[in-house]
Amino acid sequence: MTEAAEKVPTADEDLPPLRPPSADNGLFAVFHRRYLLKLLVQREISARYQGSFLGLLWSYINPLSQFFIYWFVIGVILGQHRGVPNFPIHLFAALIIVHFFNETFGAGTRSIVRNRALVVKMAMPREMFPVATMLVSLYHVIPQIVILGIASALYGWRPDAEGLIALVLALAIIGTLGIAGALMFSAANVFFSDFGNAVSIFNNLVRFGVTMMYPYSMVHEKFGSAAQYFLLNPIADAVLLFQRAFWTGTLTPKEQAKDGIMPDNLLLVGGLALLASIALLAVAQLVFSRLENKIPERL
């Protein structure tokens, strides 16, 4: 027997263990395949507006219609605008963040089921679908921020360093939190469609648990020192950070000095909220990894 023949491995020797195509895939693998992620985002955007006459304009019409409804009902009919200076900016800033989270969480929960053909046929990180949903939502949020910035400037707003940090923190919290929720519930939604309905109900409640239709000063006034527990909600923290970035800059110095207009150490609270969101994302990745190998057989 020749030396070359002796080095030929048998079927059970020198071969790496077999693994499913999705093995070792995760959020890090998603961003390693940025080109594929970019194609998926482009596909999501094109599919959303396929056959639509107005196309991308719908991403502005939907939040603007909600803004005018809330502004008219809460601000004009109920008179909330009298207790909140520059109420339209306060409302619209919160609405952008709430819409960003709801769209990411809602569409992300349905992303695996909606893309079942790709999930079953292609060996790719399945986390890519919830991540792509978040990026599509962010794509729609950026022009809304531009509109908010222009409207705020008309009220006298000028950007400042602390406000810019608050803006970045708010988007990071919601992006991280949205992906975390979408990861867990997109996998669960494959097994039980009830999870998709539960997310829809939760999204309806989100806007009432943040300072959108009422100011933080009302929370501070009614609950006093217990208002700190309100800040345990990362979505509420993100809304306050976003309002700090825009709405606070439209107030007069006297209005800004009002007790309870914003929480103390808001940037620190935002940083802790971001860390909590990252921790939740790690848990969501673990849950998703435990379920993902069973997903194709259930689709």
Side-chain angles (χ1 to χ4, degrees), residues 57 59-101 138-175 207-222 227 230-231 235-271 273-274:
L57 286 176
S59 65
Y60 303 98
I61 295 173
N62 186 26
L64 285 175
S65 64
Q66 292 185 50
F67 164 73
F68 283 114
I69 291 171
Y70 282 112
W71 171 77
F72 183 74
V73 174
I74 305 298
V76 177
I77 295 179
L78 299 181
Q80 183 65 37
H81 69 286
R82 290 191 292 269
V84 183
N86 301 334
F87 180 69
I89 302 298
H90 180 277
L91 175 64
F92 192 38
L95 189 61
I96 289 175
I97 286 295
V98 169
H99 189 263
F100 181 24
F101 175 79
L138 182 61
Y139 173 80
H140 293 140
V141 162
I142 291 175
Q144 296 171 20
I145 294 176
V146 173
I147 294 173
L148 176 62
I150 294 172
S152 300
L154 296 177
Y155 278 85
W157 168 79
R158 294 295 181 271
D160 62 285
E162 184 177 333
L164 292 176
I165 295 173
L167 168 64
V168 173
L169 264 178
L171 294 177
I173 290 169
I174 294 301
R207 55 182 57 90
F208 296 100
V210 302
T211 54
M212 185 172 77
M213 294 172 283
Y214 52 87
Y216 180 74
S217 58
M218 181 180 293
V219 178
H220 184 268
E221 179 183 343
K222 287 186 177 294
F230 180 85
L231 302 177
I235 306 175
D237 298 336
V239 167
L240 286 167
L241 286 164
F242 211 69
Q243 289 171 334
R244 167 60 187 87
F246 292 97
W247 173 68
T248 304
T250 67
L251 305 180
T252 64
K254 182 178 179 180
E255 290 169 336
Q256 292 183 20
K258 182 181 177 182
D259 186 37
I261 195 71
M262 280 284 163
D264 296 330
N265 303 314
L266 181 58
L267 292 185
L268 176 60
V269 170
L274 179 58

Criterion salt bridge (charged side-chain N to carboxylate O under 4.0 Å, His left out) on Asp237 and Arg244, from CA distance to verdict: CA-CA 10 Å; Asp237 298 336; Arg244 167 60 187 87; over 6 Å; no
Phe101/Arg207 under side-chain contact (heavy atoms from CB on, under 4.5 Å): CA gap, chis, key distance, verdict: CA-CA 10 Å; Phe101 175 79; Arg207 55 182 57 90; over 6 Å; no
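Atom CD of Glu255 has more than 12 neighbouring heavy atoms from other residues, nucleotides or ligands inside a 6.0 Å radius.
The shortest side-chain heavy-atom distance between Phe100 and Gln144 does not fall under the 4.5 Å cut-off. Side-chain contact between Leu164 and Val168 is absent, with no heavy atoms from C-beta onward closer than 4.5 Å. Looking only at side-chain heavy atoms (C-beta outward), Leu171 and Ile145 come within less than 4.5 Å of each other. Side-chain contact between Trp157 and Asn86: absent, with no pair of heavy atoms (C-beta onward) separated by less than 4.5 Å.
In the model, Gln256 has no side-chain atom that pairs as donor or acceptor with a side-chain atom of Thr248 under 3.5 Å.
Of the candidates Leu266, Val210, Ile261, Leu240, Tyr216 forms a side chain to side chain contact (heavy atoms under 4.5 Å, CB included) with just one, namely Leu240.
By the side chain to side chain contact (heavy atoms under 4.5 Å, CB included) test, Asn265 is found to be paired with Leu268, residues two or more places apart in sequence or in another chain being considered. Scored by the side chain to side chain contact (heavy atoms under 4.5 Å, CB included) test, Ala170 finds Ile97, Ala238, Leu241, Phe242 as partners (sequence neighbours excluded).
The minimum heavy-atom distance linking Gly270 with Ile173 is given by the pair O-CD1, 3.4 Å. Counting all heavy atoms, side chain and backbone alike, Arg158 lies closest to Ala153 at NH1-O, 3.7 Å. The shortest non-hydrogen separation linking Gly271 to Leu169 is N-CD1, 4.0 Å. Nearest heavy atom pair, residue Gly209 against residue Ala236, reads O-CB, 3.9 Å.
Under a 3.5 Å cut-off, the side chain of Trp247 and the backbone N or O of Ala94 do not form any donor-acceptor pair. Remark: side-chain polar atoms of Gln243 are paired, donor with acceptor, to backbone N or O of Thr211 under 3.5 angstrom.
Summarising the geometry, atom CE belonging to Met212 is positioned 10.0 Å from atom NE2 belonging to His90; distances are rounded to the nearest 0.5 Å. Rounding to the nearest 0.5 angstrom, the gap separating the OH atom in Tyr155 from the CD1 atom in Ile89 is 5.5 Å.
Using cut-offs of 30° and 60° on the angle between ring planes, the pair Tyr214 and Phe230 is perpendicular.
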